[in-house]
2 protein chains.
Amino acid sequence: MGRWEPDARGRLEQAALELYAAQGFDQTTVAEIASHAGLTERTFFRHFADKREVLFGGGALADGLAAAVDAAPESQPPLDAVIAALESLSDFFEERHTHAQRRQKVIAANPSLQERELIKLASLSTAMAGALRRRGVTEPAASLAAETGVAVFKVAFERWLDDARKRTLAQHIRESLDELRTVTAVPRRSTKRA
Amino acid sequence: MGRWEPDARGRLEQAALELYAAQGFDQTTVAEIASHAGLTERTFFRHFADKREVLFGGGALADGLAAAVDAAPESQPPLDAVIAALESLSDFFEERHTHAQRRQKVIAANPSLQERELIKLASLSTAMAGALRRRGVTEPAASLAAETGVAVFKVAFERWLDDARKRTLAQHIRESLDELRTVTAVPRRSTKRA
DNA sequence: GTCTATAGGGCGATAGAC
DNA sequence: GTCTATCGCCCTATAGAC
């Protein structure tokens, strides 16, 4: 047994989410979070670059997605590789549905958290675009495939979050991809869709 | 002639861009910007919500894009309406090529400015998605069309910024849209998805 | 226009693990 | 001894309150 309770980082994340949800992000001070976790303000900043970052777990997702794209079958078209990588997150999120809802509500209530969320999503896109280029996809196709995939994911994630019918995230991703393909299809002629 | 020099806002924008470019964003204080514009710190914050916002002109672009989508021919498919709206920005930017380059370089050097840039782009997407819904496009098609359009714009804008051959922004948008359509086209066969 | 809380960075001290 | 996690205190600039 060490001098400190284990998992300082996890405790900070937990305390932060609870306080942000209960009082709002702006109304919560770092000192408060730290004290709820039995730590000091200074230690908080050792683990997280700023007050927002505590909700965004680091670059693990981006790394995982890049690896998944790297591992995709050689012949797989870029967008399909990206979508498959994103679908592979489904299991991870499936068991965190309520946590994700809670977290999303906090983010939705604060613009500066939305900014952070967007740059995290952009980093997913950047990571996957890099992986695509590694497998020979040229620009701008690589960036477009990655960004499009993330747009699909974003829509799918939202719908998954408030899906009463409990379909999986992967299913929502499939559906959104189909929608995307309808939307980007070259209009044959005066193809008006309501 | 009034009591004050005219265009306080413009002078603040100008001073900020120059100082950010010369010394870096973090190394520049609001007091410094204000003093270069012959104003006080307090006045800066009456014009701009925060230190970042001075680079992002306000919601004019989003409003213009929404209006352009509203004005599109009734029969025009969603993505085409979005792309047409974005192309309509071409003239505006064409005369600001060097200013845009300078500004982009400042933003590229600072993550918090990148966050702000992303939320501004997202607001363009939101505005256009709203306009699409007004013309009867349903979700998630409206959001997907708007987000996809913005992804195309983003890629096109970057390429336009460092295009030695001086093609117009509109031309780059066309090209990127073609690329997008290639990327999202349903692969003809051996469509294996993991 | 003035006042103030807090984010967040710098630097050094401490104390346990190895 | 080194390495690493934690804490303490100082500081400034942002940004909101009054």
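As a basis for the values below, the full set of heavy atoms in this structure was taken, side chains included, without hydrogen atoms, waters or symmetry mates. Convention: sequence-line order gives letters A, B, ...; per-chain numbering from 1.
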Spacing of A:Leu39 atom CG relative to D:dT4 atom P, expressed in whole Å: 19 Å
Contact under 4.0 Å: A:Thr40 side-chain N or O vs D:dC7 OP1/OP2: yes
Any side-chain heavy-atom pair of A:His172 and A:Phe157 under 4.5 Å: no
Side chain of B:Arg52 (C-beta onward), nearest among C:dG8, D:dT6, D:dA15: D:dA15
Co-membership, hydrophobic cluster, residues A:Ile119 and A:Phe153, 4.5 Å side-chain: no
Length of the NZ-P vector between A:Lys51 and C:dA5, whole Å: 16 Å
B:Gln23 CD to D:dA13 P, straight-line distance once rounded to whole Å: 12 Å
Heavy-atom check, side chain of B:Glu53 versus side chain of B:Lys120, under 4.5 Å: yes
Minimum-distance nucleotide (side-chain atoms of A:Arg46 versus C:dA7, D:dT14, D:dT6): D:dT6
Between P of D:dT6 and CZ of A:Arg9, the distance in whole Å: 11 Å
Options D:dC9, C:dG12, D:dA15, nucleotide nearest the side-chain atoms of B:Phe45: D:dA15
Presence of donor-acceptor pair under 3.5 Å, side chain of A:Arg42 and base of C:dG10: yes
Nucleotide C:dA5, atom P - distance to CG of A:Asp26 in whole Å: 17 Å
Touch class at under 4.0 angstrom, heavy-atom based, for B:Thr28 against every strand present: sugar-phosphate
Distance in angstrom units between B:Gln27 CD and D:dT12 P, rounded: 16 Å
d(CZ, B:Phe25; P, D:dA13) in whole Å: 14 Å
Heavy-atom check, side chain of B:Arg42 versus side chain of B:Arg46, under 4.5 Å: yes
Interatomic distance, B:Glu41 CD vs D:dA13 P [rounded to whole Å]: 9 Å
A:Thr126 side, atom OG1; A:Leu121 side, atom CG - distance, nearest 0.5 Å: 10.5 Å
Five-pair end axes of the helix from C:dG1-D:dC18 to C:dC18-D:dG1 and the angle they enclose, rounded to 10°: 10°
N/O (side chain, A:His47) to phosphate O (OP1/OP2, D:dA5) under 4.0 Å: no
Candidates C:dG8, D:dC7, C:dA7 - which lies nearest the side chain of A:Thr29: C:dA7
Shortest side-chain distance from A:Val30, nucleotide among C:dG8, C:dA7, D:dA15: C:dA7
Working for side-chain hydrogen bond (donor to acceptor under 3.5 Å, both in side chains), residues A:Gln104 and A:Glu158: CA-CA 9 Å; A:Gln104 211 64 18; A:Glu158 247 177 64; over 6 Å; no
Over 12 foreign heavy atoms within 6.0 Å of CD, B:Gln27: yes
